[in-house]
Amino acid sequence: MAHWLMKSEPEVFGIDDLAAGPTPWDGVRNYQARNWMRDTMRVGDGVFFYHSNCEAPGIVGLAEVASTAYPDPTAFDPEDPHYDPKSDPANPRWYLVDLSYSRHLRRNITLAELRQYADGPLEGLALLRRGNRLSVMPVTPQQWQFILALE
DNA sequence: GCCAACGTTGGC
DNA sequence: GCCAACGTTGGC
């Protein structure tokens, strides 16, 4: 079972929105993020749900991968802000998985706090790399356990 | 709101 | 295939 961290802007789609029901994680337009969703994610994988671009960025909840990958329908919809005319339904460029809510963390484990361990237990965590912009990234089992224990 | 870092695009 | 220009991300 693999583990992941996925970012979302709380003003667009936050943990409370996720709690309302399983959600197609559409709109990802980054190849590396896509590859992980399409090629590596499996149903039941654990996900840290991270709030970005907000007052206190950090991990606020847990989610689960709820489907294998399938083509992102928003790429085919000219009315959608994530429309990509280069994604051909016969050969889709963008994929997504469904995410389901597991629970809120009892507190926000902030980016600032995680950074304290950047040279220790969380060394190599993509989130902590300078200039990181990935919205979907892997978390090792050791990192997963360590972060959960901070709660 | 600022701006550094990054990925993508497109001219050549 | 290079690389400058551009748009986006996301912390602060």
Side-chain angles (χ1 to χ4, degrees), chain A residues 2-20 23-41 45-65 69-140 142-144 146-151:
Chain A
H3 300 90
W4 308 93
L5 184 147
M6 297 172 75
K7 294 180 186 172
S8 188
E9 302 191 21
E11 296 206 353
V12 178
F13 191 93
I15 184 72
D16 293 329
D17 299 304
L18 182 68
T23 304
W25 207 248
D26 59 31
V28 173
R29 298 291 180 267
N30 170 282
Y31 288 103
Q32 203 172 357
R34 177 207 67 183
N35 290 347
W36 272 315
M37 290 199 291
R38 186 189 61 186
D39 304 333
T40 313
M41 279 192 183
D45 283 358
V47 177
F48 284 137
F49 195 85
Y50 178 92
H51 278 175
S52 67
N53 203 12
C54 58
E55 189 175 344
I59 299 168
V60 295
L62 303 182
E64 235 179 60
V65 175
Y70 57 97
D72 183 343
T74 65
F76 309 133
D77 178 3
E79 302 300 313
D80 192 280
H82 298 292
Y83 175 58
D84 181 357
K86 293 176 188 162
S87 186
D88 173 4
N91 185 19
R93 175 178 295 203
W94 304 114
Y95 284 76
L96 55 75
V97 298
D98 293 343
L99 267 198
S100 64
Y101 171 82
S102 298
R103 66 177 178 89
H104 282 62
L105 293 187
R106 290 191 290 276
R107 66 184 188 88
N108 178 3
I109 301 177
T110 65
L111 177 63
E113 181 176 355
L114 295 170
R115 274 201 203 290
Q116 297 173 11
Y117 306 102
D119 296 325
L122 298 183
E123 188 175 13
L125 182 65
L127 181 73
L128 304 179
R129 279 204 299 264
R130 199 171 128 72
N132 161 68
R133 285 171 46 187
L134 261 184
S135 62
V136 176
M137 68 190 75
V139 175
T140 69
Q142 293 79 9
Q143 291 163 348
W144 177 270
F146 179 81
I147 292 168
L148 268 187
L150 294 175
E151 183 184 13

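Below, chain A is the first sequence line, B the second, and so on; all start at residue 1.
- Atom CG of A:N30 and atom C1' of C:dG10 are 14 Å apart (whole Å).
- For A:Y50 and C:dT9, the shortest distance from a side-chain N or O to OP1 or OP2 is not below 4.0 Å.
- Each of A:N53 and A:Q32 was assigned the nucleotide of DNA chain B with the nearest heavy atom; the assignment lying further toward the 5' end belongs to A:N53.
- For A:F13 and A:W25, the gap between ring centers is short of 6.0 Å.
- For A:R115, counting side-chain heavy atoms from C-beta on, the closest listed nucleotide (B:dT8, C:dG10, C:dC12) is C:dC12.
- When the P atom of C:dG10 is taken as reference, atom CG of A:L5 falls 11 Å away, rounded to whole Å.
- Side chain of A:K86, nearest nucleotide from C:dG11, B:dT8, B:dT9: B:dT9.
- Residues A:Y70 and A:D98 bring a donor and an acceptor atom of their side chains to less than 3.5 Å of each other.
- Classification of the A:F146-A:Y117 ring pair by plane angle, with boundaries at 30° and 60°, yields perpendicular.
- A salt bridge between A:D39 and A:R34 is absent, with no side-chain N of the basic residue lying under 4.0 Å from a carboxylate O of the acidic one.
- No salt bridge links A:R129 with A:E123; every basic N to acidic carboxylate O contact stays at or beyond 4.0 Å.
- Atom CG of A:L128 is separated from atom P of C:dT9 by 20 Å (rounded to the nearest Å).
- Look at CD on A:E55: it is 18 Å from P on C:dG10, rounded to the nearest Å.
- For the pair A:M6 CE and C:dT9 P, the computed distance is 15 Å after rounding to whole Å.
- Distances shorter than 4.0 Å separate none of the side-chain N or O atoms of A:K7 from OP1 or OP2 on C:dT9.
- To the nearest angstrom, C1' of B:dG7 lies 13 Å from CG of A:N132.
- Contact annotation for A:L127: no contact, since no heavy-atom pair falls under 4.0 Å across all strands.
- Taking atom CD of residue A:E9 and atom P of nucleotide C:dT9, one finds them 7 Å apart after rounding to whole Å.
- What separates CD of A:E11 from P of C:dT9 is a distance of 15 Å, to the nearest Å.
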